[in-house]
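The basis for the numbers below is simple: all heavy atoms, side chains too, and nothing from hydrogens, waters or symmetry mates.
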Amino acid sequence: MGSVKNLHEEELKGAQHTVKEILQQPELWLQTVSIIEKQKAVIKDFISRKLIAKQARIIFTGAGTSAYVGDTLTPHLRKELPYQIDSISTTDIVTNPLNYLKPEVPTVLVSFARSGNSPESVATYSLAKKLINNVSQIIITCNPDGQLAKEAGKDENSLLLLMPEKANDKGFAMTSSFSCMYLSALLTFQLNRFEVLKKKAEAVSKNAESILTTKYETLKSIVSLNKKRVVYLGSSTLKGLSQEASLKHLELTSGKIPTFHESVLGFRHGPKSLVDDETLIFVFISNNPYTRKYEIDLLQELKNDGGSKTVVAIANTIEEGIDELCDCAIIIPEQENIHLEDHLIALNYLIIGQLFALFNSIHLGVTPDNPSPTGMVNRVVKGVNIYNF
C-alpha cells in the first residue's frame, strides 16, 4: 500500500520542507504535550493571577493561518470556560483597534505566531499594551528569535510559550506550526484536565501515523479526478478547521483551484450555488451525535441532488452508513476505549486536508515549498505599513 513516507524523488522536488513538516506532526504533538507539562506550574500561576483573579476576557489572535488557530479553538473553550472568549485576527485589530479592544475590560491577549514577525501581530501586541488598562499577554510562537518572543521575554505581564524547534516550518504553508500551537493552547487553558488530554493526544498521534501510512492512495485518487473547485464544510470547531484546510489548499496550489469553506448548515444559504459537476466537496463529520445528524442530512441532500460532483466525507465513524451517502469516505481509525471529541479529532482531519493540498500542488506542477515564486505572496507578509494610533 502506498505511503506518504515513500514519495518518489521526482515528487519531492520543491516539496522537501512541506513533506517533512507534515510527516513530523505525530512526533511534535507528543513533544508539545511534554513542553506544556514541564511548564504547568508557571502557566497555572500566570492564568490564576492574570485570568481567573481578574475574570478577564480572552482574545485569541494571529494573522492568516495563525488566526485560524483561534477560530478552531474558540467554540470548544467557550463551552468549557466561564469567560468571554473571542477570536479576532490581528489584521482586523490593526485597522480598527477600538472596535475590538475594550480599554476598561481586563484582557488576556493570546497571540499565535509561527515567525513572530508579521507586522500586524507585532502591532497588535503594542496596541493592546497601549489601549487596554489591564492587559496580560500569552505569546505562543515557533520562533524564539522572532519579534514577539523578544517583546514577551522582557515584559512581566507576558508569558512566552515556545513550540518544539522543528515546528518553525521552513515551507511556505504552515502545517506543524498550526497544529502544535493549537494543541498547546488546548492544554494551556484546560490544565485541570491535563492527564486526560495527554492520553487523548497520544491517541491522536497514533491516528496520524496511521493516516500517513494508509491514506496515500485514496487521496491520490481524489486528486486524479481533476476537479476545478474545492469546498470544505464543517460545524463549530470543524468550521474553523475547514477555513484552515481551505487556505492550505489555496496556498499550496498557488490559487489555481478556487477554494471555499462554510459551515454545514450555512452552505445551503447561498454558497451551495457554486456546486457544479467540477466541484469537490469535503465534509468534516462531527463526533458529536447531535451535530452529526445535520451533517448526515447534508450528505443525503447532496446525494439526492445528483450530478457528477464528488463528495468526500471525513469521519471517525461509519455508524450512520456515511460511506453510502458519499463518493468516498475517509475513516480515521478509532483507538480502543478512547473517544475523541471534535477539538481533538480535528488534528487528524487537519492532516487529511494538508495531504490533499500537498498532492494536488504536486499534481498541478506547483512547488509546495515555494508556490508563489514571483513573491506576490510571501511566507512572512511584506509591504504592510503600520501607522501610529
Side-chain angles (χ1 to χ4, degrees), residues 1-5 7 15 18-19 21-26 28-29 65 68-69 72 171 173-176 178-180 182-183 203-225 227 230-235 237-253 257 259-261 264 280-287 292 295 299 310-318 322-323 326-335 340-363 368:
M1 183 176 290
S3 166
V4 182
K5 298 183 180 182
L7 282 168
T18 306
V19 170
E21 288 153 7
I22 292 174
L23 292 178
Q24 70 187 4
Q25 287 175 108
L28 292 194
W29 296 345
T65 284
Y68 301 157
V69 177
T72 310
M174 292 172 61
T175 51
S176 56
F178 175 96
S179 61
C180 288
Y182 173 84
L183 179 58
V204 170
S205 178
K206 289 179 182 178
N207 281 351
E209 289 285 5
S210 175
I211 291 166
L212 292 168
T213 54
T214 65
K215 303 303 180 185
Y216 175 88
E217 298 295 347
T218 298
L219 289 165
K220 293 282 283 186
S221 68
I222 296 170
V223 166
S224 69
L225 297 174
K227 293 295 183 177
V230 180
V231 178
Y232 296 88
L233 304 175
S235 306
T237 289
L238 300 180
K239 179 188 176 184
L241 181 68
S242 72
Q243 193 171 17
E244 165 58 12
S246 175
L247 177 63
K248 213 53 50 200
H249 187 260
L250 196 65
E251 288 179 324
L252 289 180
T253 60
I257 306 291
T259 311
F260 309 88
H261 73 274
V264 168
L280 170 63
I281 304 172
F282 286 100
V283 183
F284 294 122
I285 303 296
S286 174
N287 264 352
R292 193 160 59 236
E295 295 154 353
L299 291 179
T310 298
V311 178
V312 177
I314 303 174
N316 194 210
T317 178
I318 55 173
I322 290 170
D323 53 334
C326 59
D327 300 287
C328 174
I330 299 177
I331 307 301
I332 309 302
E334 295 181 283
Q335 298 294 330
L340 297 175
E341 300 87 347
D342 288 354
H343 57 279
L344 290 160
I345 200 65
L347 287 165
N348 291 148
Y349 290 0
L350 172 72
I351 286 189
I352 296 293
Q354 292 171 347
L355 290 175
F356 176 74
L358 169 69
F359 294 156
N360 215 13
S361 177
I362 295 171
H363 178 70

(message) Does any part of the side chain of I332, heavy atoms only, come nearer than 4.5 Å to the side chain of I352, both counted from C-beta?
(response) yes
(request) Give, for atom OG of S224 and atom NE2 of H363, the distance between the pair rounded to the nearest 0.5 Å. (result) 7.0 Å
(message) Measuring only between side-chain heavy atoms, which start at C-beta, is I222 closer than 4.5 Å to D327?
(response) no
(request) Would you sort out whether I362 and V223 count as a side chain to side chain contact (heavy atoms under 4.5 Å, CB included), showing the intermediate values? (result) CA-CA 10 Å; I362 295 171; V223 166; over 6 Å; no
(request) Please round to the nearest 0.5 Å and tell me the distance separating atom OH of Y232 and atom CG of L247. (result) 10.5 Å
(request) Provide the closest heavy-atom pair for I322 versus A315 in the form atom of the first, atom of the second, distance. (result) CD1-CB, 4.1 Å
(message) Could you measure the distance from the CG atom of L299 to the CZ atom of R292? Nearest 0.5 Å is fine.
(response) 11.5 Å
(request) Return yes if some donor-acceptor pair links the side-chain N/O of S246 with the main-chain N/O of Q243 below 3.5 Å, else return no. (result) no
(request) Report the C-alpha distance between L212 and L355 in whole Å, list the side-chain angles of each, state the deciding distance to 0.1 Å, and finish with yes or no for side chain to side chain contact (heavy atoms under 4.5 Å, CB included). (result) CA-CA 9 Å; L212 292 168; L355 290 175; 4.1 Å; yes
(request) Indicate yes or no: at least one non-hydrogen side-chain atom of L340 is less than 4.5 angstrom from one of L347. (result) no
(request) Please report the closest heavy-atom contact between Y68 and F178, naming both atoms and the distance. (result) C-CE1, 3.8 Å
(message) Looking at I285, is its backbone amide N or carbonyl O close enough to the side chain of Y349 to form a donor-acceptor pair, meaning the two atoms are under 3.5 Å apart?
(response) yes
(request) Search all heavy atoms of S242 against all heavy atoms of F284 and return the closest pair with its distance. (result) CA-CE1, 3.7 Å
(message) Could you measure the distance from the CG atom of L233 to the CZ atom of F260? Nearest 0.5 Å is fine.
(response) 12.0 Å
(message) What I want to find out is whether K248 reaches E251 closely enough, with some N-O distance under 4.0 Å, to be called a salt bridge.
(response) yes
(request) Locate the shortest heavy-atom distance separating T237 from A346; write the atom from each residue and the value. (result) CG2-CB, 4.4 Å
(request) Apply the side-chain contact (heavy atoms from CB on, under 4.5 Å) test between I330 and each candidate in D323, V312, T214, I211; give the one that qualifies. (result) V312
(message) To the nearest 0.5 Å, what is the distance between CG on L23 and CD on E209?
(response) 8.5 Å
(request) Please check if the side chain of Q25 supplies one atom and the backbone of I351 the other of a donor-acceptor pair under 3.5 Å. (result) no
(request) Ignoring hydrogens and angles, tell me if any N or O in the side chain of N287 forms a donor-acceptor pair with the backbone of E341 under 3.5 Å. (result) no
(request) Anything under 30° is parallel, anything over 60° is perpendicular, the rest tilted; go ahead and classify F282 against F356. (result) perpendicular
(message) Side chains of L241 and L350, heavy atoms from C-beta outward: is any pair under 4.5 Å?
(response) yes
(request) Check the side chains of S176 and Q24 for a donor-acceptor pair under 3.5 angstrom, ignoring hydrogens and angles. (result) yes
(request) Using atom types as modelled and distance alone, determine if a side-chain donor or acceptor of E295 lies under 3.5 Å from a backbone N or O of S286. (result) yes
(message) If you apply the rule side chain to side chain contact (heavy atoms under 4.5 Å, CB included), what do you find for V204 with N348, and how did you get there?
(response) CA-CA 7 Å; V204 170; N348 291 148; 3.5 Å; yes
(request) Measure across L252 and S361 and return the closest heavy-atom pair with its distance rounded to 0.1 Å. (result) O-OG, 2.6 Å
(request) Report yes or no: does Y182 contribute a side-chain atom to a donor-acceptor pair with the main-chain N or O of H343 at less than 3.5 Å? (result) yes
(message) Pair T218, C328 - check side chain to side chain contact (heavy atoms under 4.5 Å, CB included), show working.
(response) CA-CA 9 Å; T218 298; C328 174; 3.7 Å; yes
(request) Give, for atom CD of E21 and atom CD of Q354, the distance between the pair rounded to the nearest 0.5 Å. (result) 10.0 Å
